[in-house]
Amino acid sequence: MGAIADFITHNFRHFNSAALTDAAEAYVRHLEAGGSMMITLAGAMSTAELGISLAQMIRRDKVQAICCTGANLEEDVFNLVAHEHYVRIPHYRHLTPEQEEALLEQKLNRVTDTCIPEEEAMRRTEKCVLEQWAEADARGARYFPHEFLYAALRSGELERHYQIDPADSWLLAACDRDLPLFVPGWEDSTLGNMYAAQCIAGEIGNVATVRSGIEYMMALADWYQAESARGSVGFFQIGGGIAGDFPICVVPMLEQDLKVDDVERWGYFCQISDATTSYGSYSGAAPNEKITWGKLAASTPKFIIESDATIVAPLIFAYVLGA
């Protein structure tokens, strides 16, 4: 990765994207000025192996918090323990419904051009995490979804199954640093479904053993107030949806609903998305619209890069790491 970062750093402007260049350079300036950065992950970025670059960003203190979907949280672990069993489908656009059924029969769950193996990835992870859920439930303890995965990784139970370089797992890097994570809508994930099944079956007595999304917002409010008291907080959004919409709302919630005085707006904003800006397309809304909701200030540096995040995000990360 070091050689790649050096190449991109020295040839960055040749990528011929003003938005890309401006956003990356502003990211660096934001950190150099004493600011911190939250990164949000939507889509299938973990399965696309963003961890190769994101893990380094975490270890090098270029990101201070992450908000992600439940899928991105768990799929980094799936890739860690089952990578050799993943199946690539390069011509996925041409699959017939019958071919999709055949993949299901093989317990291969497709994410674009990659199939995640149910037994080696999902059930292997479930077994370890279920032990954490059951143990906490028995003690009457309650933890957030990411805290259970942190505990599973720290237990060492999954180490014998590692099939990639652990340095390329962003969740392992986050776990090592005890990085603040926020996972709204975790119920919409494979592990979320598994947890619901365990509650229905009576294996978990207290459904609230896994803490809720409302509690995540409360924790985020505490984190944001403490972090913004130290310096400006930036917002680097990969994709759209709940991973970005949830955390950016902490500012107007504090100011408008909790009536906190002098709440600092987000001090940097960049979104990478191929969503088209349109009426009714909140995830594709232009940054200026967020000013009217009290999320960004008129003076906030704002960038939107309409491109494939699996390409653009690693480019920006490599630039930031090489700066």
Side-chain angles (χ1 to χ4, degrees), residues 1-13 15 20-43 45-68 72-73 75-77 79-80 146 149-150 153-154 162 164-183 220 223-224 226-239 243-244 247 266-272 301 303 305 309-323:
M1 183 66 190
I4 296 173
D6 288 344
F7 172 79
I8 293 175
T9 300
H10 293 117
N11 297 277
F12 199 73
R13 292 188 178 277
F15 286 99
L20 175 63
T21 302
D22 293 347
E25 292 178 345
Y27 192 130
V28 172
R29 288 195 301 271
H30 180 80
L31 295 183
E32 289 178 343
S36 59
M37 190 68 70
M38 168 178 277
I39 289 179
T40 76
L41 302 177
M45 299 307 297
S46 289
T47 296
E49 298 188 88
L50 185 67
I52 294 171
S53 54
L54 180 55
Q56 290 200 54
M57 290 282 285
I58 294 168
R59 293 191 179 95
R60 295 268 299 277
D61 200 29
K62 306 296 185 181
V63 50
Q64 284 67 49
I66 290 175
C67 184
C68 68
N72 273 300
L73 181 74
E75 286 177 16
D76 186 77
V77 180
N79 184 55
L80 176 65
H146 76 277
L149 278 175
Y150 277 2
L153 292 172
R154 289 167 180 159
Y162 288 0
I164 63 170
D165 185 342
D168 292 339
S169 165
W170 74 261
L171 192 62
L172 265 179
C175 180
D176 290 344
R177 294 182 65 91
D178 204 21
L179 193 77
L181 297 188
F182 306 94
V183 192
L220 174 59
W223 176 84
Y224 188 86
E227 200 69 21
S228 61
R230 290 189 286 267
S232 179
V233 185
F235 196 93
F236 189 88
Q237 180 175 349
I238 299 175
W266 294 94
Y268 165 100
F269 177 83
C270 176
Q271 181 179 6
I272 307 170
F303 309 93
I305 304 170
T310 64
I311 298 170
V312 172
L315 286 175
I316 291 180
F317 292 170
Y319 180 85
V320 171
L321 289 165

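Between the CZ atom of Arg154 and the CG atom of Asp178 there is a distance of 5.0 Å, given to the nearest 0.5 Å. Atoms CG and CG, on Asp76 and Leu149 in that order, are 9.5 Å from each other to the nearest 0.5 Å. Separating the CD1 atom in Ile272 from the CD1 atom in Ile305 is a distance of 5.0 Å, to the nearest 0.5 Å. A distance of 11.0 Å separates NE2 in His146 from SG in Cys67, rounded to the nearest 0.5 Å. Distance check: Arg29 CZ to Asp22 CG gives 7.5 Å after rounding to the nearest 0.5 Å. Between atom CD1 of residue Ile39 and atom CH2 of residue Trp170 there is a gap of 10.0 Å, rounded to the nearest 0.5 Å.
Side chain of Arg60 to main chain of Val320: no donor-acceptor pair is present (N/O by atom type, distance under 3.5 Å, no hydrogens or angles). At distances below 3.5 Å, not a single donor-acceptor pair connects side-chain atoms of Tyr268 with backbone N or O atoms of Phe303. Not one N or O on the side chain of Gln237 forms a donor-acceptor pair closer than 3.5 Å with the backbone of Cys270. Ser169 contributes no side-chain N or O that, together with a main-chain N or O of Pro166, makes up a donor-acceptor pair within less than 3.5 Å. In terms of modelled atom types and a separation under 3.5 Å, the side chain of Arg177 and the main chain of Asp61 share no donor-acceptor contact.
Residues Phe182 and Trp223 form a side-chain contact, since some pair of their non-hydrogen atoms from C-beta on lies under 4.5 Å apart. Counting heavy atoms from C-beta on, the side chains of Asn79 and Thr47 never come closer than 4.5 Å. Annotation: side chain of Asp168 is not in contact with side chain of Glu49 (no heavy-atom distance under 4.5 Å). Put simply, the side chain of Met38 reaches to within 4.5 Å of the side chain of Pro247, judged on heavy atoms. Residues Leu80 and Leu171 form no side-chain contact, since every pair of their non-hydrogen atoms from C-beta on lies 4.5 Å or further apart. By the 4.5 Å heavy-atom criterion applied to side chains, Cys68 and Leu181 are not counted as neighbours.
Scanning both residues, Thr310 and Ala48, for their nearest heavy atoms gives CG2-CB, 3.8 Å. Here the closest non-hydrogen pair linking Ala167 and Arg59 is O-NH1, 2.9 Å. Nearest heavy-atom pair across Leu179 and Val63 is CD1-O, 3.7 Å.
The aromatic rings of Trp266 and Phe235 lie perpendicular to each other, with more than 60° between the two planes, well past the 30° mark.
Taking the six-membered ring for Trp and the full ring otherwise, the centers of Phe236 and Phe317 sit less than 6.0 Å from each other.
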